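The block underneath contains the structure these notes are about, expressed in structure tokens.
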Amino acid sequence: MMLKSKMPVRLNAAEETLIAQLRDAGDGAQAERLNVTGLPTRRVESYHYTDLKMLLKAVPPLVEAANSASAPALRVAGAYQLLIANGVPHPGTTAPAGVIVGTSDGAALSAHDDVLVRLNSALAKKSLSLTLEGSVDPIIQIDRRTEGAAAHSASSARIFVADNGSATILETYSGSSEAHVTNNASYIAVGRNATVTHITVDLSGDGVTHFATNEYVLAEGAKLRTLAIHAGSALARTQIFARFAGEGAHGDFGGLNLVGDGQHLDFTLDVNHGVPNTTSQEMFKQVGRGRSKGVFQGKIVVARDAQKTDAKMMMQGLMLSDQAEILSKPELEIYADDVVCGHGSTCGELDADSMFYLMSRGISKPEAETMLVRGFLEEVLDPIEDDELNEALTAVIDDWLVGAKQR
Amino acid sequence: MANPILEIRNLHARIEDREILKGVNLSIPAGELHAVMGRNGSGKSTLSYVLAGKDDYEITEGEVLLDGVDLLAMEPDERAAAGLFLAFQYPIEIPGVSTMTFLKAAMNAQRKSRGEGELSTPDFMRAVKEAGATLNIDASMLKRPLNVGFSGGEKKRAEVLQMALLAPKMCILDETDSGLDIDALQVVAKGVNGLRTAQRSMLVITHYQRLLNHIVPDVVHVFSDGRIVESGDKSLALQLEAKGYADFDSEPA
Amino acid sequence: MANPILEIRNLHARIEDREILKGVNLSIPAGELHAVMGRNGSGKSTLSYVLAGKDDYEITEGEVLLDGVDLLAMEPDERAAAGLFLAFQYPIEIPGVSTMTFLKAAMNAQRKSRGEGELSTPDFMRAVKEAGATLNIDASMLKRPLNVGFSGGEKKRAEVLQMALLAPKMCILDETDSGLDIDALQVVAKGVNGLRTAQRSMLVITHYQRLLNHIVPDVVHVFSDGRIVESGDKSLALQLEAKGYADFDSEPA
Amino acid sequence: MYFYAAPKSTPAPTSLDEVDPELLAMYDKLGIPLKEREILAGVERPNVAVDAVMDSVSVVTTFREELAKVGIIFCSISEAIREHAELVQKYLGSVVPVTDNYYATLNSAVFTDGSFVYIPKGVRCPMELSTYFRINEKKTGQFERTLIIAEDDSYVSYLEGCTAPMRDESQLHAAVVELVALENAEIKYSTVQNWYPGDKDGKGGIYNFVTKRGDCRGDNSKISWTQVETGSAITWKYPSCILRGDNSRGEFYSIAISNGYQQVDSGTKMIHLGKNTSSRIIAKGIAAGFSDNTYRGQVSAHAKAKGARNFTQCDSLLIGDKCGAHTVPYIESRNATAVFEHEATTSKISDDQMFYCQQRGLDGEAAVALIVNGFVRDVLQHLPMEFMVESQKLIAISLEGSVG
């Protein structure tokens, strides 16, 4: 019944560049589609708070290349490191036991009707490919870096964790502070009764536009814990698409949106309980400072026959500035009746009673603030059991707290 | 003679449009423990919050001196640095901050204000262990986030632990007995009594006489309708327990 | 001779793959009160649920007659209409539905099934007031949502109140003593005893002998591993209390 | 589809005898105890003033004189346009602009009638004001327009009930309701809606696309929407509050029940603009049959809305495994001092509750009705008494056949 405009959209510079890049990459169909629809605006539901047409002003040229000499922005002692530089996978040195490393042609994501997914699929030429068998001890770190002059790059990794396997995978994004546009994809298939922890940390420079899509498929009895941290970039959006494909699987999805002045950081989550007897918990925290925008869109979908689903989602926002915005859209889309699903969303400033309590113990106002903010944020790290990893992630929060004061 | 540790003169305070403290006068010399008793709603807790510097209240008249220094001009953290400690009736839960981390931050804040360096971790641990022993505080409690999921007794013991570690000149205990069973009360009282010295003063705010069997006051004040209406020795508390507060009410409103 | 009120013949029931009732035989004549005692996990509560028609259980064999009528063919509400009442071990909370509203709905449902008209509000109020008096149930309790925030005692008293108002032929009381202190137990027992008549039969399921001091049974059955293994008079309960259930165990698994 | 039709029986009835008996019968069937016959006959002290709208043209207006004594204007909007042009001009379209949305534009273009209420300064309306709508012309749309103005320090409670006879073909209802509350004024707007939802196969039924918006224009003003939605084939409806005045308050209490093939998409918007504004949302959705039931809401605090507060509770209940329940809240905080709390749950009626009720002799449907009534109690208690009791019955009727 709604009136739909048949007028072609007026394209902006970013869109025109993307269309040309798609054509050059040989994907005429996607180029044509983008030509008709343009980038999503706020009228596209899944981009309601992240209007790409408005936010993406320019797209730099596609650049392949560049070995990187710099170090990853986050180091965890003993981790096995793999590098993807400017979209090109560089399988590392000798792999630890149970890890098979390779590359494969094309991108890793399955077809998802989303513009960032389509762009990644069209532009990523090679995926890093990992197969993990048994219990993999060292943390696997995929260090994705974008170096050199401003570039548009698409990178992709495909990870299979075999049945009964276990692994911890850390992905970090960093590089030079030029106005890069990076489009990253990770596809992780968690085998039967396998246990996986997957952590992504965006530490990109402050000129960067960072897009990431993390896609998960959970087989029967699989246990997945994810944690995504935004601590860099000018514009970042991490899309988390999880699909429960086997009964008895459980997923914990966590996120930390550290939003400073001038940043627009978006978590968009879609957890699909497609089969009966699966459970999930989603816990996302956002903190906003300066003139900034933190976005959380989280959707729990329970399919018609997915009885006995138990899913609980929580978003907590903390505003430290009058010019910060925290935007939250938690959604439930439920088609099965024998379920227990819920979500909560809270937003506010630091609690005055807590501040008074700390100050009455002699703790100064700025220190009390930092302590409360840190406490608020670090709760999300509590479930990360590996001490080295937990410390490294705590350091990300601490750095942000210190850096954010200067912003 | 030396200054009293706490000197309150004609203190008036209001919250929004309601006057709650209506001219409080109170002087506590060094080493003395005074009790303020009154019925619920008489303004006792307001007095403790005003002294500690909670900013919901507006001071409309009067002054408060801590060891001769103007207390009301200071921020809450400065009051703490000056030696004032309030044991809260309802200690606040601080999720994500372990009790240990908090204690260390509080102790170092005070040391810093005195121009001292940070405590070394072993020294800190030793101090906590010593002070915690008499209060039945074990290591697992110290690892938990401050006051989060603590029982009533644990919360009050944690308050006294903080008091012990921060070594204030002036302690205010607000309804420390509320929510405690008799066993927990005895542990807390023992902790408080252990901190009584000739230099340190205490103000115990309570509704019931019960607490004063365990923490024996030098002076008892009766608080009614925003001011002290009667003062006496500890027998006054017993008299209150027997007869109730009605005798001390000011003319009916 | 008249039919027994309840007649259970060789009843077998399972939940999922596990057989819980393994051939129960029990006959309760009009006016008698039987107790079934057994250790936890022996299947006592299953028996009560199966009789009331909870659909988690599959009946694999046997039959149950209520006053000569096949009980197992009926839905739970039909069983209630036929005169079966189960006082739950853990009464279920019904948020937003006042106890009063619930009682009225239940009474009118039963009247409807007997072809009677709805109770007038004054008649209903009178009935509730009368039945509630001996159970210490006051008006404020009746206004609260059913079982929501009720104490253990309040829940059990509300069960007996329902039993009194619905006037069943056959009452099953499942662990009515659980979660009650002695005072509460006496009130409940008094309520139950007041409902014993020559026409009404009762089955009291319990783990402890304690309840049977207050609600004295005509017959005591010992339940073990899904069936009745011994029956006797009330002295059997005392014997169980003294010696435990071990003597009655079937051969060890 | 015709956009609107004026009633064929042209002269407006001047007494109850002239009112279409089918309309009265429909009131009976709706079960809302208007007691209008008694009231009109002077049997009972009037407590409800009725302005019935049939096919968009006001047919009965009662109690005007008594209201006029205290300066209250309660009439059809067409009459208001003639008699109170200055008020209509000042306020009509000031809350819902003509261009607001497609259906509002349509309404503005073709609206024929509706109700007008004006409560003067300092007046507490002595009775509940009420309008009943009915759609009885085939293939018509209904486009009534309601405007309620509460001057400083005034209070009014307004009840709206709707019903429609059974029709095969779908009909469109695209009303616009505007509320204006000035300083210290309070408007309470209650709706019970059970329009024809279509038959068991999903054929026919009303399309209900209503734009309802309240403007808390003055400081300390309050607007509260309470709705019980059980009808219509498709409902899109978001009664909203613009909290413009400092310390103003908006409330939304909603029960939305869908059965058969109904699609309900309803919720609210609370737009916090002023300082220390507060809002409260309690939404209870019940989905049965093959229906889809969506709560869609927006809570936003503007950068200047210092100290804004919102509490939202959305609970959905599913009855049967062929229906859907969805919750889509948009929560937008642009002020650090704003405190928002939102909670939502979705579940089915617990088996334990069902068994317990059935053990007491309630059959499946009665047990469901009882439990559902408990589930929606927090909302029901915000309805005026006479609506509350009847709403409970309506809920039971709406869920008939939902227990298999």
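Just so we're on the same page: letters track the sequence lines, and every chain starts at 1. Computed from a predicted structure; not experimentally measured.
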Evaluation steps, side chain to side chain contact (heavy atoms under 4.5 Å, CB included), between B:Leu165 and B:Leu103: CA-CA 8 Å; B:Leu165 291 172; B:Leu103 291 175; 3.9 Å; yes
Only pairs of heavy atoms separated by less than 4.5 Å count here; which of B:Gln110, B:Glu78, B:Gln162 has the most with chain A? B:Gln162
Taking every non-hydrogen pair under 4.5 Å, which of B:Leu166, B:Thr101, B:Val97 racks up the most with chain A? B:Val97
Nearest non-hydrogen partners of B:Phe85 and B:Pro168, listed with the distance: CB-CG, 3.4 Å
Please classify the contact between A:Tyr357 and chain B as side chain, backbone, both or neither, with a heavy-atom cut-off of under 4.5 Å. both
Chain B interface, residue from A:Asp353, A:Leu372, A:Leu381 that has the most non-hydrogen pairs under 4.5 Å: A:Asp353
Once you round to the nearest 0.5 Å, how far does OG1 of B:Thr176 lie from CD of B:Gln89? 8.5 Å
Charged N-O contact under 4.0 Å between B:Arg9 and B:Glu61: no
How long is the span from the CE atom in A:Met315 to the CD1 atom in A:Ile326, to the nearest 0.5 Å? 6.0 Å
Give, as side chain, backbone, both or neither, the part of B:Glu75 having an atom under 4.5 angstrom from any heavy atom of chain A. side chain
Which one wins on heavy-atom pair count under 4.5 Å against chain B: A:Met371, A:Arg374, A:Glu378? A:Met371
Going by atom types alone, do A:His198 and A:Glu171 pair a side-chain donor with an acceptor below 3.5 Å? yes
Just so I understand: if I count every heavy-atom pair under 4.5 Å between each of B:Ala82, B:Ser98, B:Ala105 and chain A, which residue has the most? B:Ala105
